[in-house]
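See below for the structure under consideration.
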Amino acid sequence: MDSPPDTPNPPRSPFDDEDADLVLCSSDDVDFWVYKIILAKASPVFKDMFTLPREAHAIRQVVTLTEDAGTIERLLRILYPVEWPKFASYDEVRLVLAAAHKYMIPFVTSNLKDVLHRFIESKPLDVYATAYSHQAREVAVAAAKVLLENPHLAEPETPPPEFHTIPALALHAISVHRKRCSRAALEALRDWHWMIRRGHHRQVRVAKGISTIDSSKTWVWLLCAEKEDTPAIEINIVRAELRYTPPRWWWNYIDKLRQELATRPRGRLATEPSIIEASVTMAVSCPTCGPKALSDLNEFGKMVAERIDAAVAQVCPCHRSVDVSNVNIRRSWAVMAQLAYLAR
């Protein structure tokens with residue numbers, strides 16, 4: 001397809017309609033022949049651009065943008081009734097969101113939430129910063145949860161580009177959220193009533209104020225007769241106060257789990273092999289605990305993990321994005337875009 005005199009670069013399909021009335025030129029000299037009406041409906045910035053005068057002899061109005069061709073094409077594919085854009089990397093998503101923000105097309109952020117979710121596991125801090133910048137609260141909260149996995153993820157050597165613009169409050173929110181989640185996770189380990197009285201098959205039956213323990217079902221550490229100088233567990237129930245003194249190996253598991261939860265409040269730590277195996281090794285020499293320590297602790301860890309995650313899920317996220325959509329900022333974006341406008 002030949003290009004008209006005012007557009008020396010061949011247009012990129014599918015944005016190459018002969019009757020298009022506007023040419024968008026990318027920073028790397030790729031042209032897109034598009035319709036003003038579509039862009040004007042989507043973006044007040046573009047609508048303002050079209051009010052500017054153009055050269056009388058031009059077949060189509062030409063607007064040179066600062067974004068590269070890949071970013072412009074992906075943005076146009078969201079605006080046009082054509083095939084949805086493909087995103088191979090997080091940076092591609094970030095650049096499209098930045099362009100959508102610049103040209104004031106807010107629905108692009110909503111449409112790309114699922115795409116952002118795909119990169120949370122690999123780039124949680126980057127996604128958090130981007131979501132915070134674009135007020136995508138749901139995505140920011142999901143990314144903040146993944147950041148709980150590693151306290152150092154929020155302190156990268158190379159910060160995301162959004163760190164140049166997001167407020168310090170955004171990073172403070174991550175820190176506060178981690179502390180609140182850690183407190184909730186640790187609190188879940190203070191109540192042991194559920195360990196014997198929550199309807200699961202390990203429960204202890206109580207009759208006339210005396211605990212009746214079924215040795216085939218109860219946790220092995222409650223059956224251990226080894227006398228050790230370890231803390232006791234007291235459980236008050238309807239008709240009795242039960243007192244158990246679990247062996248040192250079980251308390252070793254609980255102590256290590258608490259240490260990890262102080263900085264990484266995630267339920268999966270309760271089933272972490274390194275934590276479980278270290279404690280089970282200590283139980284091997286006990287004739288009562290040794291045979292069943294591993295299986296019991298694995299099952300117990302799964303129950304603890306559910307309790308921790310349930311407790312953490314109740315913590316109210318601290319994410320409070322800054323509203324950057326007021327009228328003055330909207331107009332400043334329009335002015336900046338118009339200054340970047342070049343007619344050729």
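- Side-chain atoms of S26 and D28 form a donor-acceptor pair, as typed in the model, at a separation below 3.5 Å.
- By the 4.5 Å heavy-atom criterion applied to side chains, P231 and W251 are counted as neighbours.
- Within the 4.5 Å cutoff, the side chain of D31 has no heavy atoms near those of the R12 side chain.
- Note: W219 and W221 have parallel aromatic rings, judged against thresholds of 30 and 60 degrees for the angle between ring planes.
- Proximity of W194 to V304: side-chain heavy atoms (C-beta onward) are separated by under 4.5 Å at one or more points.
- No side-chain N or O of S274 forms a donor-acceptor pair with one of K256 less than 3.5 Å apart.
- Atom-to-atom distance recorded for T218:OG1 and K292:NZ is 8.0 Å, nearest 0.5 angstrom.
- R190 has a carboxylate O that lies under 4.0 Å from a charged side-chain N of E187, or vice versa, which qualifies the two as a salt bridge.
- When side chains are defined from C-beta on, T263 does not count as touching S182, because their heavy atoms never get closer than 4.5 Å.
- Taking the six-membered ring where the residue is Trp, F50 and F46 present parallel rings, their angle staying beneath 30° rather than reaching 60°.
- R268 has a carboxylate O that lies under 4.0 Å from a charged side-chain N of E272, or vice versa, which qualifies the two as a salt bridge.
- Here the straight-line distance linking atom CD of Q61 with atom NZ of K36 works out to 4.0 Å at 0.5 Å rounding.
- Cluster annotation: M282 is not connected to V284 through the hydrophobic network of ILVMFWY side chains, with a link wherever side-chain heavy atoms come within less than 4.5 Å.
- Residues V312 and L148 have side chains in contact (heavy-atom distance under 4.5 Å, counting atoms from C-beta outward).
- Using a 4.5 Å heavy-atom cutoff, the side chains of R266 and E260 are not in contact.
- A salt bridge is defined here as a Lys NZ or Arg NE, NH1 or NH2 lying under 4.0 Å from an Asp or Glu carboxylate O, and K86 with E92 fails to meet this definition.
- Residue L95 holds its CG atom at 6.5 Å from CG of D68, rounded to the nearest 0.5 Å.
- Looking at E277 and Y253, their side chains never bring a donor and an acceptor atom within 3.5 Å of each other.
- If you chain together hydrophobic residues whose side chains sit under 4.5 Å apart, F107 and V82 fall into the same group.
- Contact check on E121 versus R118 returns no salt bridge, with no Lys/Arg side-chain nitrogen under 4.0 Å from an Asp/Glu carboxylate oxygen.
- Remark: R77 is not positioned above the aromatic ring of W84, lacking an NZ or CZ atom under 6.0 angstrom from the ring centre and at most 45 degrees off the axis.
- Rounding to the nearest 0.5 Å places CG of N252 at 10.0 Å from CH2 of W249.
- Annotation: the span from R248 atom CZ to D255 atom CG amounts to 10.0 Å, rounded to 0.5 Å.
- Residues E162 and S133 have side chains that never bring a donor and an acceptor to within less than 3.5 angstrom of each other.
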Full working for ring pair (Phe, Tyr, Trp, His ring centres under 6.0 Å) between Y80 and F15: CA-CA 9 Å; Y80 264 67; F15 307 104; 5.1 Å; yes
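- More than 12 heavy atoms of other residues, nucleotides or ligands shown are found within 6.0 angstrom of NZ on K113.
- Note that CG of L39 is 9.5 Å distant from CG of D21, once rounded to the nearest 0.5 Å.
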